[in-house]
Amino acid sequence: MQIADLSSLRRRARDRLPVVLLGGLNVVRALGLGGIPVIVASPDDEEPGLYSRYCVMRWRLPPLRDAEAVLESLESLAARLRGVYGQPVPLFFSNDGYLDFVNTYRFRLACRFRMLLNDADTTRALLDKDRFATFAAERGLPVPRSLHWEGSLDKHPRPVLIKPASKHGCNQVPGLADVFKGAKAILRANGEAVLSDPELHRMRHHVVFHEYIAGDDRELWCLDAVADETGSILACHTGRKLRCHPPLTGDSSYIELRRNGELEAIGREIARRVPLRGVFNMDFKRDSSTGRYYLLEINARCNLWNYIGARNGLNLTKVCYDYLLTGARPAHVAFGRRFRWIDFKLDRAAYRALAGAGKLGRARWVASLLRPKIHSLFAWRDPNPFLRSALMRANRRVARGPIARFRLSRP
């Protein structure tokens, strides 16, 4: 998978400095739409971004659990790229595991790559929801009220939202994933219902509790931006979620950009208070009864919203790239609303859940899909990731099918 001969890379990249990306397909495509060559570094041979037309080079990483080996691999890559380009290239990342890794080894990586990072304590607070509650209170950020197993849950008569204490804690704490069953959070009717749940009692030190903000998935809003070293936003766009799966507590299945001046003003003030640097995403929920926006979390990394932004005319990955290389501040920061983003498999599941609850009919669901869309995997301009993924799924079905069983049963 690794391309050993780097001599042709500069010609393939048209002499433009590439980005090394620890991450997935949505960010690969955002960078590619900005004309930026992408070197995808991944431990997973099935990562769809490796097969994108925008990937000019594949770099095989060891598993992330072997952090020292990953670090040495990236240092080797950085040295070879510096030999080709005579300068360090940017390093981008697009999930919390990679963010934690980069934060832990920031000093060794900062010597070899161009990066715009938050300070180490801020990043740790953004990754740990227990720390984030204190962090937000110190800065006066508009977050939902935190609740505690002893002292406040028993007196809370309204719904309670429960999340893992760490953003990647479900994979680190045995049994925690079984509590959440694939959702990002779970909801209980009130504090008493939380206290009487034996699974939550067993996992109470690995989860956080806060008041639930009223409203359906369409009240979930996002602000995505790039900020300089002082927390001043260079460019941003706002949008909202249309559906999630599971509803209210799951991953985005259908999203759109939508201008929201009030939310942008709130986001700019939060970025200044923290302060935030580089590419980031803020998740908000608007209280359907009061209209007030509550900050749910901050993701200090690239994410899928960068792709929908790029297709709608505001490419935040390119804004960050240009700022890292030349200090350029964009003059044009407007965005359109033509394209929505969808994960069709996830959205079909969201529709079934909402239909089962009597909240969405088939005609309304189909009508909502008629707008121009970009997909989480398929793209006419970049079909190979989808085709490769379909081929691998077909191979797995064959391997589990009757022919494979017949071969295994032969003497």
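The chain is numbered in sequence order, starting from 1.
- For the pair Leu126/Leu99, no side-chain contact is recorded, criterion being any heavy-atom separation below 4.5 Å from C-beta on.
- Donor-acceptor pairing under 3.5 Å is lacking for the side chains of Thr122 and Arg277.
- Contact between Ser376 and Leu25 at its shortest, heavy atoms only, is O-CD2, 3.7 Å.
- Annotation for Leu17 and Pro90: closest pair CD2-CD, 4.0 Å, computed over non-hydrogen atoms.
- Crowding of Glu150 atom CD: a count of heavy atoms from other residues, nucleotides or ligands under 6.0 Å not exceeding 12.
- Taking every heavy atom of both residues into account, Cys236 and Arg268 meet most closely at SG-NH2, 4.1 Å.
- Counting heavy atoms of neighbouring residues, nucleotides and ligands inside a 6.0 Å radius, atom CZ of Arg273 exceeds 12 of them.
- Looking at Arg240, Arg286, Lys241 one by one, the single match for side-chain hydrogen bond (donor to acceptor under 3.5 Å, both in side chains) with Glu219 turns out to be Arg286.
- Between Glu47 and Arg58, the closest side-chain pair of non-hydrogen atoms is not below 4.5 Å.
- Between the Ser196 side chain and the Ala193 main chain, a donor and an acceptor come within less than 3.5 Å of each other.
- Counting only distance, with no hydrogens or angles, the side chain of Thr123 and the backbone of Asn103 share no donor-acceptor pair below 3.5 Å.
- Ring pair His201/Trp149: centre-to-centre distance below 6.0 Å.
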Going through the distances and angles, do Asp347 and Trp365 end up as a side-chain contact (heavy atoms from CB on, under 4.5 Å)?
CA-CA 10 Å; Asp347 199 58; Trp365 178 60; 2.9 Å; yes

Let's go through Val179 and Leu200 carefully: what are the C-alpha distance in whole Å and the side-chain angles of both, what is the deciding distance for side-chain contact (heavy atoms from CB on, under 4.5 Å) to 0.1 Å, and is it a yes or a no?
CA-CA 8 Å; Val179 175; Leu200 290 177; 4.0 Å; yes

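- No donor-acceptor distance shorter than 3.5 angstrom exists from the side chain of Tyr323 to the backbone of Val226, with no hydrogens or angles considered.
- Heavy atoms of other residues, nucleotides or ligands lying less than 6.0 angstrom from CZ of Arg371 number more than 12.
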Phe113 and Val89: side-chain contact (heavy atoms from CB on, under 4.5 Å), yes or no, with the steps?
CA-CA 5 Å; Phe113 293 97; Val89 304; 4.0 Å; yes

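- The shortest distance between side-chain heavy atoms of Leu257 and Trp305 falls below 4.5 Å.
- For the pair Arg340 (side chain) and Tyr254 (backbone), a donor-acceptor distance under 3.5 Å is absent.
- Judged by distance alone, the side chain of Arg106 and the main-chain N or O of Asn118 form a donor-acceptor pair under 3.5 Å.
- Side-chain N or O atoms of Arg112 include one that pairs as donor or acceptor with a backbone N or O of Arg108 at under 3.5 Å.
- Side chains of Thr230 and Asp228: a donor on one and an acceptor on the other come within 3.5 Å.
- Side-chain contact between Arg311 and Trp341: absent, with no pair of heavy atoms (C-beta onward) separated by less than 4.5 Å.
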Using side-chain contact (heavy atoms from CB on, under 4.5 Å), reason through Val70 and Tyr105 one step at a time and then give a plain yes or no.
CA-CA 11 Å; Val70 174; Tyr105 298 99; over 6 Å; no

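- With hydrogens and angles disregarded, no donor-acceptor distance shorter than 3.5 Å links the side chain of Asp287 to the backbone of Arg292.
- The side-chain heavy atoms of Pro88 and Arg82, taken from C-beta on, include a pair separated by under 4.5 Å.
- In terms of heavy-atom proximity, Met203 sits nearest to Gly175 at CE-C, 3.6 Å.
- Rounded to the nearest 0.5 angstrom, Phe284 CZ and Ile213 CD1 are separated by 12.5 Å.
- Closest approach of Pro144 to His210, counting heavy atoms only: CB-ND1, 3.6 Å.
- Atom CD1 of Ile162 and atom CD1 of Ile186 lie 4.5 Å apart (nearest 0.5 Å).
- Atom SG of Cys302 and atom CG of Leu31 lie 6.5 Å apart (nearest 0.5 Å).
- Remark: Arg348 is not positioned above the aromatic ring of Phe344, lacking an NZ or CZ atom under 6.0 angstrom from the ring centre and at most 45 degrees off the axis.
- When all heavy atoms of His206 and Leu176 are compared, the pair lying nearest together is O-CD2, 4.0 Å.
- In this structure a side-chain-to-backbone donor-acceptor pair under 3.5 Å is present from Asn306 to Asn303.
- The backbone N or O of Pro385 lies less than 3.5 Å from no partner atom in the side chain of Ser389, so there is not a single donor-acceptor pair.
- Note that SG of Cys222 is 9.0 Å distant from CG of Leu296, once rounded to the nearest 0.5 Å.
- For the residue pair Arg80/Ser76, the side-chain donor-acceptor check at 3.5 Å is not satisfied.
- Remark: Thr317 OG1 to Asp322 CG distance equals 9.5 Å, nearest 0.5 Å.
- Taking 4.5 Å as the limit, every side-chain heavy atom of Ser42 sits out of range of all side-chain heavy atoms of Leu61.
- If you take CD on Glu256 and OG1 on Thr238, they are separated by 10.0 Å, rounding to the nearest 0.5 Å.
- Of the possible donor and acceptor atoms, one in the side chain of Asn312 sits under 3.5 Å from a partner among the backbone N and O of Phe339.
- Leu21 has its side chain within reach of Val28: a pair of non-hydrogen atoms, C-beta onward, lies under 4.5 Å apart.
- Paired with Lys285 under the rule side-chain hydrogen bond (donor to acceptor under 3.5 Å, both in side chains), one option of Tyr294, Tyr212, Tyr293 passes, and it is Tyr212.
- For Arg362, the CZ atom sits in a loose shell: 12 or fewer heavy atoms of surrounding residues, nucleotides or ligands are nearer than 6.0 Å.
- Looking only at side-chain heavy atoms (C-beta outward), Ser73 and Trp59 come within less than 4.5 Å of each other.
- Below 30°, between 30° and 60°, or above 60°: for His375 and Phe378 the angle between ring planes is above 60°, a perpendicular geometry.
- Judged by the 6.0 Å distance and 45° axis criteria, Arg29 is not positioned over the aromatic ring of Tyr54.
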Report the C-alpha separation of Ser152 and Arg145 in whole Å, then their side-chain angles, then the decisive distance to 0.1 Å, and conclude whether the side-chain hydrogen bond (donor to acceptor under 3.5 Å, both in side chains) test is met.
CA-CA 10 Å; Ser152 58; Arg145 182 164 69 96; 5.4 Å; no

